[in-house]
Amino acid sequence: MQLDSLRALNVERAARRAALLVTDLDDGSQRVVREAEIPADPLADILARRLASGKSGLIEVEGRQLFLTVQAPKVRLVLIGAVHISQALCPMAAAIDLSVSVIDPRTAFATPERFPEVSLVPLWPDEALAGPVPPLDRYCAVAALTHDPKIDDPALIAALKAECFYVGALGSRKTHAARVERLSQAGFSSEQIGRIEAPIGLDIGAVSPAEIAVSILAQVVSTLRGADPRATKPGVPA
């Protein structure tokens with residue numbers, strides 16, 4: 001890899017921004033395409049698809065062999081609420097290589113015994129996201145699962161401001177209608193609020209906490225990989 005390409009990729013990696021390295025195998029030339037530059041690139045469609053898939057690989061363009069190296073930040077899943085759904089969801093998310101954090105100020109629920117080997121933060125979301133938990137960004141998924149507006153709302157507000165690629169909230173349609181009213185009063189537009197998946201998870205008829213966890217994780221992956229056309233996806237700039 002050329003030194004200037006390596007330096008450019010390192011800058012993007014440190015800032016948790018995605019980029020692709022395009023290497024022409026015919027002449028050895030290289031160029032770095034940053035995520036924000038994809039829409040204006042001659043290979044925009046191909047680069048966007050590659051970034052959404054997260055897979056590097058060989059392509060042929062106008063008779064030339066190009067190798068696309070995808071560099072994307074590790075996806076983080078932030079769960080608000082140390083509840084039964086979160087207990088089931090944590091090992092599932094870890095199995096597909098998501099970095100998982102659980103935030104809940106209720107210390108009776110947020111215990112290492114209930115969440116072994118999980119980054120557990122027993123603080124209010126405002127405190128947690130201002131320190132122990134790294135700042136949210138477009139490569140984060142946030143799921144609010146407590147049913148308590150005092151805990152869920154600050155996390156949802158932070159997620160919407162950070163343009164997280166996935167934002168979901170547990171609760172009935174009636175509960176969500178009240179949530180929409182609160183967020184509207186907080187200054188969010190209907191378009192922003194419309195990004196919240198509520199009721200959370202794909203509609204698979206889930207009943208148990210484990211089944212609901214499956215539906216949530218499936219929805220997160222679907223959004224990440226571009227199956228949900230409504231979402232603002234990392235790798236597919238809006």
Is it true that the side chains of N10 and R13 contain a donor and an acceptor less than 3.5 Å apart? yes
Taking K74 for the side chain and D97 for the main chain, is one N or O donor matched with an acceptor at less than 3.5 Å? yes
Thinking salt bridges, do R195 and E163 make one under a 4.0 Å N-O criterion? no
Under 3.5 Å, is there a donor-acceptor pair linking the side chains of R173 and H176? no
Verify, without hydrogens or angle tests, whether R31 (side chain) and T23 (backbone) share a donor-acceptor contact under 3.5 angstrom. no
Looking at S86 and A82, would you say the former's side chain and the latter's main chain have a donor-acceptor pair under 3.5 Å? no
Any donor-acceptor pair under 3.5 Å linking the side chain of D152 with the backbone of T146? yes
Donor-acceptor pair, distance only, cut-off 3.5 Å: does the side chain of R76 make one with the backbone of P134? yes
The single option from L77, I200, I196, V221 that satisfies side chain to side chain contact (heavy atoms under 4.5 Å, CB included) with Y166 is I200
Are any side-chain N or O atoms of Q87 and backbone N or O atoms of F115, one a donor and one an acceptor, separated by less than 3.5 Å? no
For a 4.5 angstrom cut-off between non-hydrogen side-chain atoms, does R64 reach D24? yes
Given side chains that start at C-beta, do those of V11 and R7 come closer than 4.5 Å, heavy atoms only? no
Are the side chains of L47 and V22 in touch, meaning some heavy atoms are under 4.5 Å apart? yes
E197 (side chain) donor-acceptor with G168 (main chain) under 3.5 angstrom: no
L123 side chain reached by I103 side chain, heavy atoms, under 4.5 Å: no
Lys/Arg N to Asp/Glu carboxylate O, D137 vs R17, below 4.0 Å: no
Report yes or no: does S172 contribute a side-chain atom to a donor-acceptor pair with the main-chain N or O of T175 at less than 3.5 Å? yes
Within the 4.5 Å heavy-atom criterion, are S184 and Q192 side-chain neighbours or not? no
Pairwise side-chain contact, L224 with F165, heavy-atom cut-off 4.5 Å (strictly under): yes
Could you tell me which non-hydrogen atom of A48 sits nearest to which non-hydrogen atom of I38, and how far apart they are? N-CG2, 4.1 Å
